[in-house]
Amino acid sequence: MCGRARCALDRDQVLAVAGVPADRWRDYEFFLPKHNLGPGSRTPIVRRDEEGGAELQTMTWGLVPSWTKKEEKLDFFRMFNARSETVPEKTVFSRLLGSKRCVVLLNGFYEWAQEHKTKQPYYIYLDGDRVMRMAGLYDSWQDAEGNWLTTYTILTTDSSKRLQWIHDRMPVILPDAQAEEAWLQNGVLDSKQYTALCSPYNGDDLQWFPVTTAMSKPDFQGPECCKPLKRQSIATFFKPKNTALAPEPEAEKLQTSEASTPLKNEEGADAAKAACSVKAEAPPYHADTKDTQEAIPGPAASQQGTVSASKRQRQEEKPDKDRYYVQ
DNA sequence: CCAGACGTTGTT
DNA sequence: GTCTGG
DNA sequence: CCAGACGTTGTT
DNA sequence: GTCTGG
């Protein structure tokens with residue numbers, strides 16, 4: 001699933017990545033880059049206007065349906081994810097499927113693995129820190145004073161093989177520009193297309209490493225959030241050849257730790273820099289080295305080669321007739 | 001017709 | 001708002 | 001999602 | 001364990 005994320009892009013990078021002119025970003029002033037954010041935080045979201053032009057809007061993570069009572073206390077945690085498999089059936093989400101689709105721009109997200117008696121957080125991202133685009137749905141709600149609040153939810157799907165070791169659910173990651181276009185495109189999505197878009201991201205450029213448990217606190221904002229954690233037990237976290245990260249364990253067969261290469265600090269630093277440096281559109285780089293043996297799951301080097309493509313807000317919502325998701 | 005709900009996770 | 005249940 | 005709190009009574 | 005807060 002996906003309950004914590006990172007969006008450290010600065011505003012220019014957001015504009016560049018979204019391919020949107022600066023004057024088409026509503027509420028840009030409300031977005032602040034953060035290494036550690038969760039529901040209730042605001043991030044840049046891409047959507048289409050009525051003419052089909054792309055635009056950005058800073059929205060709050062955690063869907064608050066438009067019909068939420070004005071006096072009700074807002075809960076951004078209740079609907080920060082939506083199961084893509086059941087979205088078409090759930091009234092709260094299906095009404096948004098036809099005209100309120102959006103794309104969430106993130107550097108990556110966090111998942112916690114139960115290791116022994118503790119929870120070890122992992123930062124999950126794309127090679128070269130390419131921006132991750134997730135499928136979302138949004139809605140707008142008006143408070144008693146007439147102020148608009150626009151919120152979104154991130155769709156989830158089954159985890160890909162690559163990520164199953166840490167969770168059985170993962171966010172819906174749009175693999176390429178074509179998928180993003182299809183998701184954002186105005187109008188109805190047929191169910192087949194919808195299902196295809198929501199399939200688990202299977203690119204072998206999905207990477208991860210463990211990070212400090214300090215970031216488990218929602219308000220911890222240090223850059224360590226996206227720095228590989230050095231742990232004795234995982235000396236071989238990095239490949240000998242200073243390439244990308246972790247050896248790929250098929251999580252299961254790890255137990256056999258053979259020649260473990262001690263972690264070189266510099267390598268760790270480089271990898272951390274690579275992941276942390278915000279290269280909006282850095283070309284994907286490959287983890288050329290294969291095999292590694294680790295007790296800690298690391299990104300797989302192989303896998304079938306696949307996808308790898310690359311406080312108040314104002315807004316006038318017209319009561320759209322939400323006709324969507326037609327067979 | 002009106003009333004009431006509308007969600008995902010993980011864990012047990 | 002929209003769907004389900006009574 | 002994780003972290004942190006979770007209570008009453010009586011007395012000063 | 002379970003609820004609240006961020």
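Proteins come first, then strands; the chains are lettered A, B, ... in the order of their sequence lines, and each starts at number 1. Hydrogens, waters and symmetry mates are skipped; everything else that's a heavy atom, side chains included, is used.
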Ring centre gap for A/Trp61 and A/Tyr138 strictly below 6.0 Å: no

Short side-chain to backbone donor-acceptor contact, A/Thr157 and A/Cys198, under 3.5 Å: yes

A/Phe109: ring pair (Phe, Tyr, Trp, His ring centres under 6.0 Å) partners, not counting sequence neighbours: none

Nearest-Å distance once atom C1' is located in both D/dC1 and B/dG7: 15 Å

Short heteroatom pairs, N/O only, protein and nucleotides 2-6 of chain E, under 3.5 Å:
unit_1 : atom_1 : unit_2  : atom_2 : d
E/dG5  : OP2    : A/Lys73 : NZ     : 3.0

Nearest-Å distance for atom pair CZ/P, residues A/Phe80 and D/dC2: 9 Å

Rounded P spacing from B/dT11 to E/dT2 in Å: 14 Å

Separation of C/dG1 P from A/Leu137 CG (nearest whole Å): 19 Å

Spacing of A/Met170 atom CE relative to D/dC1 atom C1', expressed in whole Å: 17 Å

Separation of C/dG1 P from A/Phe93 CZ (nearest whole Å): 19 Å

Hey, what are the protein-to-nucleotides 10-12 of chain B N/O distances that come in under 3.5 Å?
unit_1 : atom_1 : unit_2   : atom_2 : d
B/dG10 : OP1    : A/His167 : ND1    : 2.6
B/dG10 : OP1    : A/His167 : NE2    : 3.3

Between A/His167 and A/Glu111: side-chain donor-acceptor atoms closer than 3.5 Å: yes

Touch class at under 4.0 angstrom, heavy-atom based, for A/Thr86 against every strand present: sugar-phosphate

A/Thr43 side chain to A/Tyr152 side chain, donor-acceptor N/O pair below 3.5 angstrom: yes

Whole-Å distance separating the CD1 atom of A/Ile154 from the P atom of B/dT9: 12 Å

Value in whole Å for how far the P atom of C/dG1 lies from NZ of A/Lys69: 13 Å

Secondary structure string for DNA chain C (Watson-Crick or G-U under 3.5 angstrom, | for other-strand pairs): ||||||

N or O in side chain of A/Thr213 less than 4.0 angstrom from D/dC2 OP1/OP2: no

Heavy-atom neighbours of A/Gln178 CD exceed 12 at 6.0 Å: no

Sugar-phosphate, base or nothing in reach of A/Ser41, heavy atoms under 4.0 Å: nothing

Between A/Tyr125 and A/Phe209, ring centroids under 6.0 Å: yes

Interatomic distance, A/His35 NE2 vs D/dC1 P [rounded to whole Å]: 24 Å

Rounded distance in Å between the C1' positions of E/dG6 and B/dA5: 27 Å

Polar contact flag, side-chain donor to acceptor under 3.5 angstrom, A/Asp127-A/Gln207: yes

Pairs satisfying salt bridge (charged side-chain N to carboxylate O under 4.0 Å, His left out), at least one member in residues 61-76 of chain A, at least two apart: A/Glu72-A/Arg78

When you compare the protein's N or O atoms with those of nucleotides 4-6 of chain D, which come within less than 3.5 Å of each other, and at what distance?
unit_1 : atom_1 : unit_2   : atom_2 : d
D/dG4  : OP1    : A/Lys217 : NZ     : 2.6

Other residues, nucleotides, ligands: >12 heavy atoms within 6.0 Å of A/Phe76 CZ: yes

Donor-acceptor contact below 3.5 Å, side chain A/Gln164 vs main chain A/Ser159: yes

Side-chain donor-acceptor pair present, A/Trp141, A/Thr151, cut-off under 3.5 Å: no

Side chain to side chain contact (heavy atoms under 4.5 Å, CB included) partner of A/Tyr123, chosen from A/Pro228, A/Cys225, A/Cys226, A/Pro210: A/Cys226

Gap in Å between the two P atoms, one belonging to B/dT9 and one to D/dC2, rounded: 13 Å

Nearest-angstrom distance from the residue atom CH2 of A/Trp67 to P of B/dA3: 17 Å

A/Asp139 side chain vs A/Pro65 backbone, donor-acceptor pair below 3.5 Å: no

